[in-house]
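All residue numbers in this chain count up from 1 along the given sequence. Values below: all heavy atoms of this structure, side chains included; hydrogens, waters and symmetry mates excluded. Bear in mind that the values here come from a model prediction, so they are computed numbers and not experimental data.
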Amino acid sequence: MQVVNSSDILRKPALLSSPEILYIEDGRKHVLKSVLLPIDLYETVREQIEAELYLRENAKALGADAYAEFKEIEVVAEDFAK
């Protein structure tokens with residue numbers, strides 16, 4: 001785990017191919033903005049990330065109550081799949 005800011009990446013582009021997780025923060029506000037995962041770790045959590053992105057993109061269609069209910073059902077469905 002390494003915390004860098006966007007200026008560090010511009011100065012050292014090799015950081016983008018780091019084998020460890022990089023936390024990228026805003027250089028001025030020192031607020032965490034992004035996380036860069038190595039590809040082997042990404043492959044492990046890919047489905048979970050894609051599912052969350054799908055839910056976020058369609059959150060307006062679901063509505064807040066339906067989204068919360070879906071998240072509860074999703075956990076149960078995942079348990080059945082195992």
Quiz item: How long is the span from the CD atom in E57 to the CD atom in E52, to the nearest 0.5 Å?
Solution: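 That separation rounds to 10.5 Å.
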Quiz prompt | R56 CZ to L53 CG distance, which is reported to the nearest 0.5 Å | solution =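 R56 atom CZ to L53 atom CG measures 7.0 Å (nearest 0.5 Å).
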Quiz item: Can you list the steps and then say if V4 with K12 is a side chain to side chain contact (heavy atoms under 4.5 Å, CB included)?
Solution: CA-CA 10 Å; V4 297; K12 300 176 188 174; over 6 Å; no
Going only through I, L, V, M, F, W and Y residues with side-chain contacts under 4.5 Å, is there a path from [X] to [Y]?
X	Y	answer
L16	L10	no
V45	L32	yes
Y23	V31	no

Quick check: closest heavy atoms across [X] and [Y], and the distance to 0.1 Å?
X	Y	value
L41	L37	CD2-CD2, 3.8 Å
N5	G27	CB-CA, 3.9 Å
S6	I24	N-CG2, 4.3 Å
L15	L36	O-CD2, 4.3 Å

Quiz prompt | E50, CD: over 12 other non-hydrogen atoms inside 6.0 angstrom | solution =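 Above 12, so yes.
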